[in-house]
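This report concerns only the one structure given below.
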Number of protein chains: 2
Amino acid sequence: MNTQSTRADDILRCARSLIVRGGYNSFSYADISKVVGIRTASIHHHFPGKSDLVRVLVAQYREEALAGLDRLEQSIPDPLDQLRAYLGYWEGCFADMAAPFCVCALLAGEIPVLPEEVAVEVRAHFRQLADWLTGVLERGAAQGRLRLSGTARADAEMFMATTHGAMLSARAYGDATAFGAITRPLLERIAA
Amino acid sequence: MNTQSTRADDILRCARSLIVRGGYNSFSYADISKVVGIRTASIHHHFPGKSDLVRVLVAQYREEALAGLDRLEQSIPDPLDQLRAYLGYWEGCFADMAAPFCVCALLAGEIPVLPEEVAVEVRAHFRQLADWLTGVLERGAAQGRLRLSGTARADAEMFMATTHGAMLSARAYGDATAFGAITRPLLERIAA
DNA sequence: CCAAACCTACCAACCAGTAGGGAGGCTGTC
DNA sequence: GACAGCCTCCCTACTGGTTGGTAGGTTTGG
């Protein structure tokens with residue numbers, strides 16, 4: 001583990017909080033410069049180009065997400081509770097106003113104008129999350145804890161889509177509680 | 001009906017096709033200029049500022065959507081078929097590669113960086129669509145054609161969220177058929 | 001003649017990115 | 001232990017291109 005070079009991490013953290021507000025084209029090196037306290041030219045030293053910065057940012061986000069899901073899976077035995085915890089995590093993000101949006105869900109909408117290398121990472125996140133959800137649903141169904149309406153894969157894709165759509169609705173309504181209001185029935189419906 | 005001034009309409013149509021690709025900050029007056037064949041300065045004559053242009057664009061989109069939903073409601077008697085037709089419309093958009101995304105769904109993600117006047121229109125679209133869906137679900141439930149799992153409003157919000165999320169997934173996967181694959185089970189589940 | 005529509009010619013601000021240099025730390029060699 | 005060389009990090013200064021927007025004049029059609 002390298003705990004050094006907080007600078008690159010500062011830049012990444014700052015860029016993430018900026019990108020979460022409005023996507024790839026909504027922030028500039030100057031914005032990062034102001035917050036982190038570094039010149040724009042120095043950012044290029046850490047990340048040659050903007051596409052590199054965002055690619056690393058998304059890759060790191062993906063790693064964190066995977067680690068979080070794994071941790072969640074190991075600390076919570078019941079599949080239904082796992083889904084509950086997953087949605088609860090996001091509900092907490094909206095409540096805190098911390099980072100009330102999935103980086104990849106936001107970037108997915110902008111894919112046609114995204115650098116290919118970034119789009120690849122976004123795509124990978126969608127697959128990764130859908131895979132995880134599919135696994136949870138399969139196990140839940142096998143244990144008789146969850147009642148699927150189609151294949152585990154199909155239900156997982158729908159679960160993910162509803163979650164992402166609920167984020168959009170929460171933003172559109174300007175109501176942080178909307179996310180929970182939309183996703184909670186999702187759990188009730190799927191519970192056996 | 002004013003059929004005059006195709007120029008302002010040209011600009012709006014062009015801006016819409018551009019905004020659908022990557023949102024508010026992904027296009028410029030120069031982009032419109034190249035396509036429409038007009039100087040950037042002339043665009044300001046029709047729309048004083050970019051926020052005006054996009055506000056009118058979204059307002060017009062909203063009108064068209066409302067008209068489309070009304071037309072759909074009058075030509076198709078069965079509520080389930082109405083939902084099917086609504087999803088079918090978007091499935092067609094993805095297949096044609098015409099405008100494979102809801103303008104407002106895309107802009108909703110960017111709300112924190114959107115001019116307030118635009119955000120208001122986006123919010124209004126979400127309410128409008130949710131209202132329409134709520135009406136359809138209510139009627140479907142009353143006729144015994146649809147089986148709701150919560151209130152009509154709650155189911156409508158979830159239906160809308162899933163639809164928007166399916167658009168994101170289709171983009172992320174780079175697979176136009178994904179939208180249909182995700183939303184089709186939505187209908188089967190709700191059918192009585 | 002008037003007004004809408006469109007033009008050329010600007011503008012200041014901003015964009016990502018480059019060139020080149022200086023400060024400080026680490027390492028190898030005598 | 002001293003010194004040279006190098007590497008990382010960050011700086012100032014600058015570039016060419018783009019951004020949304022303005023001023024003011026010209027064309028065009030009723």
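Computed from a predicted structure; not experimentally measured. Letters A, B, ... mirror the listed sequences (proteins, then strands); counts begin at 1.
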**Request:** Using atom CZ of A/R39 as one end and atom P of C/dA16 as the other, report the distance to the nearest whole Å.
**Result:** 16 Å
**Request:** Check whether B/V120 and B/V113 end up in the same hydrophobic cluster, where Ile, Leu, Val, Met, Phe, Trp and Tyr are linked by side-chain heavy atoms less than 4.5 Å apart.
**Result:** no
**Asked** Between D/dT8, C/dA16, C/dC6, which nucleotide gets closest to the side-chain atoms of B/H46?
**Response** C/dC6
**Prompt:** Just by distance, do the side chain of A/S33 and the backbone of A/Y29 share a donor-acceptor pair under 3.5 Å?
**Reply:** no
**Prompt:** Base, sugar-phosphate, or nothing for B/F27, non-hydrogen atoms under 4.0 angstrom?
**Reply:** sugar-phosphate
**Asked** Looking at CE of B/M158 and OG of B/S149, how far apart are the two atoms once the value is rounded to the nearest 0.5 Å?
**Response** 5.0 Å
**Asked** Rounded to whole angstrom units, what separation is found between the NZ atom of B/K50 and the P atom of C/dC14?
**Response** 15 Å
**Asked** Does C/dC14 have OP1 or OP2 sitting under 4.0 Å from an N or O in the side chain of A/S28?
**Response** no
**Prompt:** Which of the following nucleotides, D/dT12, D/dC10, C/dC7, is nearest to the side chain of B/I38?
**Reply:** C/dC7
**Request:** Enter the distance from A/E91:CD to A/T177:OG1 here, rounded to the nearest 0.5 Å.
**Result:** 8.5 Å
**Asked** Counting only side-chain N and O atoms of B/R7, is one of them less than 4.0 Å from OP1 or OP2 of C/dA5?
**Response** no
**Request:** To the nearest Å, give me how far apart CG (B/L53) and C1' (D/dT19) are.
**Result:** 15 Å
**Message:** Does C/dA5 have its OP1 or OP2 closer than 4.0 Å to a side-chain nitrogen or oxygen of B/S42?
**Reply:** no
**Asked** Quick one: B/D31 CG to D/dG17 P, roughly how many Å, whole number?
**Response** 17 Å
**Asked** Base, sugar-phosphate alone, or nothing: which one does B/A41 contact when heavy atoms must sit under 4.0 Å apart?
**Response** base
**Prompt:** 5'-most contact on DNA chain D: A/T40 or A/H45, nearest heavy atom basis?
**Reply:** A/H45
**Request:** Specify the separation, in whole Å, of atom CD1 of B/I32 and atom P of D/dT18.
**Result:** 16 Å
**Request:** Could you state the atom-to-atom distance from CG of A/N25 to P of C/dC14 in whole Å?
**Result:** 17 Å
**Prompt:** What's the NE2-P distance between B/H44 and D/dG21, to the nearest Å?
**Reply:** 5 Å
**Prompt:** So, is A/Y29 close to the C/dG17 phosphate, meaning a side-chain N or O under 4.0 Å from OP1 or OP2?
**Reply:** yes
**Message:** Classify the ring geometry of A/F126 against B/Y173: parallel below 30°, tilted from 30° to 60°, perpendicular beyond 60°.
**Reply:** perpendicular
**Prompt:** Once you round it to whole Å, what is the distance between C1' of D/dC10 and CG of A/D10?
**Reply:** 14 Å
